[in-house]
**Q** 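If you scroll down you'll find the structure; I have some questions about it.
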Amino acid sequence: MPLNTNTFARSSLLMLLVGAAILIGIVLSSLFQARMTQSYFTNVIQLRNARAASSDMLVLLYAAETGQRGYLLTQNRAFLAPYEQSLQELPLRMERLRTALEAETSVSDSIARIEFLINEKLNELRQTVEMAESGDVSGAVALVRADYGQQVMNEARQNLQDLIRSFETRLDAGVEELSASAVSMQWFAIGGGIVIIAVVGGAILIVAQHVRELSRARGVVEELNASLEERVEERTEDLMQANREIQRYAYIVSHDLRAPLVNIMGFTSELDATLAAVKAYVLADGDVLTEDQIREARLAVEEDLPEAIGFIRSSTKKMDGLINAILKISRDGRRELKPESINLSELLENTAASIYHQVDEAGGEIRIAVGGARGMVSDRFSLEQIFGNLFDNAVKYRHADRPLHLAVRAMPAKRNGVRIEVEDNGRGIAPEDHERVFELFRRSGVQDRAGEGIGLAHVRSLVRNLGGEITVTSTLGGGSTFIIRLPSDLSQFVRSSGS
């Protein structure tokens, strides 16, 4: 039955009132859900801060104990650096934990116990370090072996781990509550939207236009999602690769530092053995010595002692070189990058000028072709270090039977990147060493050139700090090509990494 104007007006007004009531209900429900979400979010933040503070305290406690034991073993104050840093930071972390949990009365007893255990452990650490500094190393070691410190450490670790597990459980629950709250808000919005669309039946054209806009937006979102998934996969692969690098790095460092330590310990034992012959000669006090005793004492002074001291000195020198190399790599990661506009062709020409006379005198040549990748925004110092190392290596490991030919090519790459190839006709690298040459303290081929094996590790560290990657293709005796991929605008990468 057709409706007259008044009936239609009354029905439309009723439907609009119903729609308005539903809309008000949605708004009020959304406000309530938003407040609940904010409450959940605040709770999650507090728990995350508490968990982070607990984890930091556990790490600092281990660092303090490690520094103390290293110092007791070696009497080298360098080992006290993590110990002293932990003493400074532990009270701050404890205060941060108390602040995060000031409203959590259920864990106050645990916090008090943890604070007591940490103070007990720190007092034990301070006492042993002070005893060692005053010369009573044996007394300090005896105090460590008394097991009280170990018991305190075990209990503190257990309490902190229990606290961390409790925080993680509550964090999981908080995340689930946030997710449930978001789903509720979504269903409120969807349900209210459907009702409102049904009520406002006269706005079909507007709704149709809105649907078309939503369809277009969905296509954009799907396209963005596809790109995002690809970027997430790349970042995940980068993280996995970084984790593998860290594991290899830890193994290499521990292995290479252990070797000179073993030499030092071995020749220290040799010194102890040699000391007996010298002691018998020096403490004779007028007693008649046999010819064997005199010969052994003379042999100890003229040969055994100088040899042992020489080996110990060379081992400590090697350790110093290894530690300096590690610090150099570490400083690369901490240095603040300064993106600036760079003329790549000019930078490469200036860097190549430092080796030009060596290449030219031997009848070689350097070719640089930049093309469409002439301009980029990056850190000038890092780029100079990267190409300086690669150019020096090309000269250092050139083939003895032919002049060095060095070619540098730069070209645009996908995703606003730059691809730079540094090719030489030098000795080349065996396929099994293509990845190994980028590891710290690792070298390839015949070792007839001076070096510690840190050059290419330094280059890879610099390249990765710039958001790029470096690889090599090479055959033994046939030259090498180092391929560097960098973002063309480092400022975008730095902003993306920091956000």
**Q** State whether the side chain of Asp379 and the backbone N or O of Lys338 hold a donor-acceptor pair below 3.5 Å, judged by distance alone.
**A**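 Indeed, once roles are kept as given, a pair shorter than 3.5 Å links the two residues.
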**Q** If we only count heavy atoms from C-beta on, is the Leu383 to Ile342 side-chain gap below 4.5 Å?
**A**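 They are in side-chain contact.
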**Q** Between the main-chain N or O of Ala457 and the side-chain N or O of Ser461, is there a donor-acceptor pair closer than 3.5 Å?
**A**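 Side chain of Ser461 to backbone of Ala457: no pair is present.
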**Q** Just do the side-chain contact (heavy atoms from CB on, under 4.5 Å) check on Val422 and Thr481 with the steps written out, would you?
**A** CA-CA 5 Å; Val422 180; Thr481 301; over 6 Å; no
**Q** List the steps and the verdict of side-chain contact (heavy atoms from CB on, under 4.5 Å) for Leu406 and Glu423.
**A** CA-CA 6 Å; Leu406 181 62; Glu423 180 182 1; over 6 Å; no
**Q** Heavy-atom distance under 4.5 Å between the side chains of Val472 and Ile483, does that happen here?
**A**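 Val472 does not reach Ile483 side chain to side chain.
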**Q** Could you tell me if the side chain of Glu349 sits less than 4.5 Å from the side chain of Ile368, heavy atoms only?
**A**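 Ile368 vs Glu349: side chains touch.
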**Q** I'd like to know if Arg367 and Glu365 make a salt bridge, using a cut-off of under 4.0 Å between side-chain N and carboxylate O.
**A**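 Yes, charged N to carboxylate O under 4.0 Å.
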**Q** Identify the residue among Leu466, Thr351, Ile470 that makes a side-chain contact (heavy atoms from CB on, under 4.5 Å) with Ile386.
**A**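 When Leu466, Thr351, Ile470 are each tested with Ile386, the side-chain contact (heavy atoms from CB on, under 4.5 Å) holds only for Leu466.
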**Q** List in chain and number order the residues that pass side chain to side chain donor-acceptor pair (under 3.5 Å) with Ser480, two or more places apart in sequence or in another chain; answer none if no residue qualifies.
**A**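 Applying side chain to side chain donor-acceptor pair (under 3.5 Å) to Ser480 gives Ser474.
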**Q** Are Arg460 and Phe438 in a cation-pi setup, meaning NZ or CZ lies under 6.0 angstrom from the ring centre and within 45 degrees of the ring axis?
**A**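 Yes; both conditions hold, so Arg460 lies above the ring face of Phe438.
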**Q** Would you kindly say whether Asn154 and Gln158 are connected by a side-chain donor-acceptor distance under 3.5 Å?
**A**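 Not at all, the side chains of Asn154 and Gln158 share no donor-acceptor pair under 3.5 Å.
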**Q** Less than 4.5 Å apart, any side-chain heavy atom of Leu347 and any of Phe387?
**A**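 Answer yes - side chains close enough.
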**Q** Heavy-atom distance under 4.5 Å between the side chains of Ser86 and Leu61, does that happen here?
**A**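 With C-beta onward as the side chain, the pair stays apart.
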**Q** Taking all non-hydrogen atoms of both residues, which atom of Gly67 and which atom of Pro82 are closest, and how far apart?
**A**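 Closest pair (atom of Gly67, atom of Pro82, distance): CA-CG, 4.2 Å.
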**Q** Are Val377 and Glu340 side-chain neighbours, meaning at least one heavy-atom pair lies under 4.5 Å?
**A**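 Answer no - side chains too far apart.
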**Q** How close do Ile420 and Ala410 get, heavy atom to heavy atom, and via which atoms?
**A**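 Taking Ile420 first and Ala410 second, the nearest heavy atoms are CG1-CB, 4.1 Å.
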**Q** I'd like to know whether CG of Asp360 has more than 12 heavy-atom contacts from other residues, nucleotides or ligands below 6.0 angstrom.
**A**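 Yes, the 6.0 Å shell around CG holds more than 12 heavy atoms from other groups.
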**Q** Suppose the criterion is salt bridge (Lys or Arg N to Asp or Glu O under 4.0 Å): which pairs have a residue in residues 62-78, not counting sequence neighbours?
**A**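 Matches after skipping sequence neighbours: Glu65-Arg69, Glu65-Lys121, Arg77-Glu84, Arg77-Glu133.
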**Q** To the closest 0.5 Å, what do you measure between CE (Met94) and CG (Leu60)?
**A**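 So the CE of Met94 and the CG of Leu60 are separated by 12.5 Å.
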**Q** Measuring from atom CZ of Arg380 to atom CG of Leu490, what distance do you get when rounded to the nearest 0.5 angstrom?
**A**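 With rounding to 0.5 Å, CZ (Arg380) is 13.0 Å from CG (Leu490).
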**Q** Between the main-chain N or O of Asn425 and the side-chain N or O of Arg398, is there a donor-acceptor pair closer than 3.5 Å?
**A**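 Not confirmed, Arg398 side chain does not pair with Asn425 backbone.
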**Q** Using side-chain heavy atoms (C-beta onward) and a distance below 4.5 Å, is Thr471 in contact with Arg485?
**A**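 The answer is yes; the side chains approach within 4.5 Å.
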**Q** Say you draw a straight line from CG of Asp424 to CG of Asn393; how long is it, rounded to the nearest 0.5 Å?
**A**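 With rounding to 0.5 Å, CG (Asp424) is 9.0 Å from CG (Asn393).
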**Q** Would Ser345 and Asn343 count as having a side-chain donor-acceptor pair, cut-off 3.5 Å?
**A**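 There is no such pair (donor and acceptor under 3.5 Å, judged by atom type) between the side chains of Ser345 and Asn343.
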**Q** Roughly how far apart are Leu73 CG and Gln68 CD, rounded to 0.5 Å?
**A**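 Reported to 0.5 Å precision, the distance equals 9.5 Å.
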**Q** Go through it in stages, so that I can follow the logic: the residues are Asp56 and Arg93, the test is salt bridge (Lys or Arg N to Asp or Glu O under 4.0 Å), and I'd like the CA-CA distance, side-chain angles, deciding distance and then a yes or no.
**A** CA-CA 7 Å; Asp56 290 345; Arg93 301 300 180 185; 3.4 Å; yes
**Q** Using the rule given for side-chain contact (heavy atoms from CB on, under 4.5 Å), can you reason through His434 versus Val437, listing the C-alpha separation, both sets of side-chain angles and the distance that settles it, and then say yes or no?
**A** CA-CA 6 Å; His434 285 183; Val437 293; 5.8 Å; no
**Q** Are Arg409 and Glu421 close enough, and set up right, to give a salt bridge (Lys or Arg N to Asp or Glu O under 4.0 Å), and what steps lead you there?
**A** CA-CA 5 Å; Arg409 297 180 294 273; Glu421 299 178 356; 2.8 Å; yes
**Q** Supply the atom-to-atom distance Tyr83 OH to Gln88 CD, rounded to the nearest 0.5 angstrom.
**A**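 The distance works out to 11.0 Å.
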**Q** Could you pull out the closest heavy-atom pair between Met153 and Tyr62, with the gap in Å?
**A**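 Smallest heavy-atom distance, with atoms named: CE-CD2, 3.5 Å.
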**Q** Using only atom types and a distance under 3.5 Å, with no angle test, would you say the side chain of Asn465 pairs donor to acceptor with the backbone of Leu337?
**A**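 Not confirmed, Asn465 side chain does not pair with Leu337 backbone.
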**Q** Can a donor-acceptor pair be found, under 3.5 Å and without considering hydrogens, that links the side chain of Asp433 to the backbone of Arg436?
**A**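 No; judged by distance alone, with no hydrogens or angles, the pair does not exist.
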**Q** Using only atom types and a distance under 3.5 Å, with no angle test, would you say the side chain of Arg419 pairs donor to acceptor with the backbone of Leu486?
**A**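 No: the side chain of Arg419 does not pair with the backbone of Leu486.
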**Q** Is the shortest side-chain heavy-atom distance between Ile429 and Phe482 below 4.5 Å?
**A**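 Yes, side chains in contact.
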**Q** Show the numbers, then the answer: is there a side-chain contact (heavy atoms from CB on, under 4.5 Å) between Leu58 and Arg157?
**A** CA-CA 7 Å; Leu58 187 59; Arg157 183 184 66 246; 3.7 Å; yes
**Q** Strictly distance-based, threshold 3.5 Å: is any side-chain N or O of Asn123 a donor or acceptor partner for the main-chain N or O of Asn119?
**A**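 Yes.
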**Q** Where do Gly467 and Pro487 come nearest, in terms of heavy atoms and distance?
**A**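 Scanning both residues completely, I find the closest heavy atoms to be O-CD, 3.7 Å.
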**Q** Atom CD of Gln161 and atom OG of Ser55: how far apart are they, to the nearest 0.5 Å?
**A**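 So the CD of Gln161 and the OG of Ser55 are separated by 9.5 Å.
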